[in-house]
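Working notes, structure below.
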2 protein chains.
Amino acid sequence: MEKVQGFIRKTKQREVILRVLRGTKSHPTADWVYQEVRKELPNISLGTVYRNLKILTASGEALELSYGSSYSRFDGTPENHYHFVCQRCGRVEDVPMPVDESLDRAVEQLMGVKVRQHRLEFYGLCEQCAAEQIERPERPMALRRQPVEERDQAYAH
Amino acid sequence: MEKVQGFIRKTKQREVILRVLRGTKSHPTADWVYQEVRKELPNISLGTVYRNLKILTASGEALELSYGSSYSRFDGTPENHYHFVCQRCGRVEDVPMPVDESLDRAVEQLMGVKVRQHRLEFYGLCEQCAAEQIERPERPMALRRQPVEERDQAYAH
DNA sequence: ATACCTGCAAACCTTTTGCCACTAT
DNA sequence: ATAGTGGCAAAAGGTTTGCAGGTAT
């Protein structure tokens with residue numbers, strides 16, 4: 001039942017997707033990639049693009065700029081602060097570290113933009129999950145689906 | 001047609017939602033908030049929770065921890081680097097600033113966790129949008145819907 | 001009175017999946 | 001041979017919205 005990838009095969013589709021991704025600096029959406037790839041492979045499907053984007057992300061050949069989980073989370077503390085996200089159980093914790101607003105000024109000078117705020121998030125394993133994390137698979141672990149129960153524990157108070 | 005909020009009325013629903021949000025440190029999802037609020041207001045609907053979460057976020061009484069747009073964006077440059085996101089046009093740009101990995105070690109020592117990476121994103125107005133941003137509404141501007149054409153321009157190469 | 005709000009349900013939209021034929025190894 | 005893949009279309013799942021009746025101000 002558990003479909004675990006033994007090896008990743010080389011295909012035309014994946015090759016073009018990666019080339020398109022590397023060929024732009026625009027941080028495109030999946031749909032944009034789809035439209036681009038379609039110019040070369042008119043029959044490719046959106047599903048394939050998503051599948052390969054996920055594979056490329058899991059194998060470290062691309063980055064996915066998103067919150068990770070598909071839902072938004074809300075925070076009743078309006079003052080900006082940093083967060084730590086456990087990549088295994090999904091828990092989100094505040095980081096007891098002061099917000100460094102001088103970073104905003106630095107970016108403004110570097111890029112000529114107006115910065116209102118920044119968000120800093122750390123990703124890794126929380127104390128509890130790090131303890132349970134004994135084995136270390138050589139294949140990208142992100143390919144494995146996370147059990148729903150574990151994800152849910154993060155919603156508990 | 002454009003529904004612009006002139007003032008925000010005080011309602012039981014919004015009051016309870018804010019109280020629930022302030023009463024937890026768990027960075028809950030909208031659905032978790034819904035379940036909690038329902039204990040006090042059994043007839044409230046998920047839609048109302050979403051609507052109010054959005055209003056609270058826009059008025060600065062809560063933070064939304066998400067990427068902002070509903071889609072993921074991908075980046076063909078696997079090396080970690082920082083991003084700047086224009087809150088007006090949605091454009092995403094790389095920040096020419098070295099990644100400070102000592103932050104990861106600092107958080108590990110502060111929290112007793114294992115940090116694999118961090119993500120730092122700056123939000124504000126890009127040079128172009130800052131120039132066009134002449135007026136400054138006193139009501140939270142996030143309440144206003146963004147024209148589709150402007151959002152789309154961010155997908156262009 | 002008059003906006004604003006709510007509940008409900010349908011609609012939306014991005015992302016995921018099942019199925020089956022195909023193909024790289 | 002055989003597991004990984006792709007195309008297609010349906011499904012999923014979080015979030016938004018239209019509507020019509022309520023409700024603060």
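Convention: sequence-line order gives letters A, B, ...; per-chain numbering from 1. These values consider heavy atoms only, across backbone and side chains, with no hydrogens, waters or symmetry-generated copies.
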Spatial distance of atom CG (B/Leu103) from atom CE (A/Met97) [nearest 0.5 Å]:
5.5 Å
Rounded to the nearest 0.5 Å, the CG atom of A/Leu21 sits from the CD atom of A/Glu36 at a distance of 11.0 Å
Nearest atoms (heavy-atom pairs only) where B/Val33 meets B/Pro28
CG2-CG, 3.8 Å
Under 3.5 Å, which N/O atoms of the protein pair with N/O atoms of nucleotides 18-21 of chain C?
{"from": "C/dG18", "atom 1": "O6", "to": "A/Arg51", "atom 2": "NH1", "distance (Å)": "3.3"}

Distance, rounded to the nearest Å, where [X] contributes [atom1] and [N] contributes [atom2]:
X       : N      : atom1 : atom2 : answer
A/Leu41 : D/dT5  : CG    : C1'   : 14 Å
A/Lys12 : D/dG7  : NZ    : P     : 13 Å
A/Trp32 : C/dT14 : CH2   : C1'   : 18 Å
A/Leu53 : C/dT14 : CG    : P     : 15 Å
B/Asn52 : D/dT17 : CG    : P     : 15 Å
B/Arg14 : D/dA24 : CZ    : P     : 12 Å
B/Tyr34 : C/dT6  : OH    : P     : 14 Å
B/Glu15 : D/dA24 : CD    : C1'   : 14 Å

Report yes if a side-chain nitrogen or oxygen of [X] is closer than 4.0 Å to either non-bridging phosphate oxygen (OP1 or OP2) of [N]; otherwise report no.
X       : N     : result
B/Ser45 : C/dC8 : no
B/Gln13 : C/dG7 : yes
B/Asn43 : C/dC8 : no

So, using side chain to side chain contact (heavy atoms under 4.5 Å, CB included) as the criterion, who are the partners of A/Lys12 when residues are at least two apart?
A/Glu15, A/Val16, A/Leu41
Applying side chain to side chain contact (heavy atoms under 4.5 Å, CB included), can you list everything that pairs with A/Ser45, at least two apart in sequence or on another chain?
A/Thr48
For residues 95-119 of chain A, which residue pairs pass the ring-ring contact (aromatic ring centres under 6.0 Å, His included) check, not counting sequence neighbours?
A/Tyr82-A/His118, A/His118-B/Phe122
Listing request: all salt bridge (charged side-chain N to carboxylate O under 4.0 Å, His left out) pairs with a residue in residues 96-110 of chain A, at least two apart in sequence or in separate chains.
A/Arg105-A/Glu108, A/Glu108-A/Lys114
Would you indicate which nucleotide in D/dT5, D/dG6, C/dT16 comes nearest to any side-chain atom of A/Ile8?
D/dT5
For nucleotides 23-25 of chain C, give me every protein contact, N/O to N/O, under 3.5 Å, one pair per line with atom names.
{"from": "C/dT23", "atom 1": "O2", "to": "A/Arg9", "atom 2": "NH1", "distance (Å)": "2.7"}
{"from": "C/dA24", "atom 1": "N3", "to": "A/Arg9", "atom 2": "NH2", "distance (Å)": "3.4"}

What residue among B/Ile44, B/Val20, B/Ile17 forms side chain to side chain contact (heavy atoms under 4.5 Å, CB included) with B/Tyr34?
B/Ile44
Please work out if A/Leu46 contacts a base, only the sugar-phosphate, or nothing of the nucleic acid, heavy-atom cut-off 4.0 Å.
base
Salt-bridge present (B/Glu121, B/Arg119; N to O < 4.0 Å):
yes
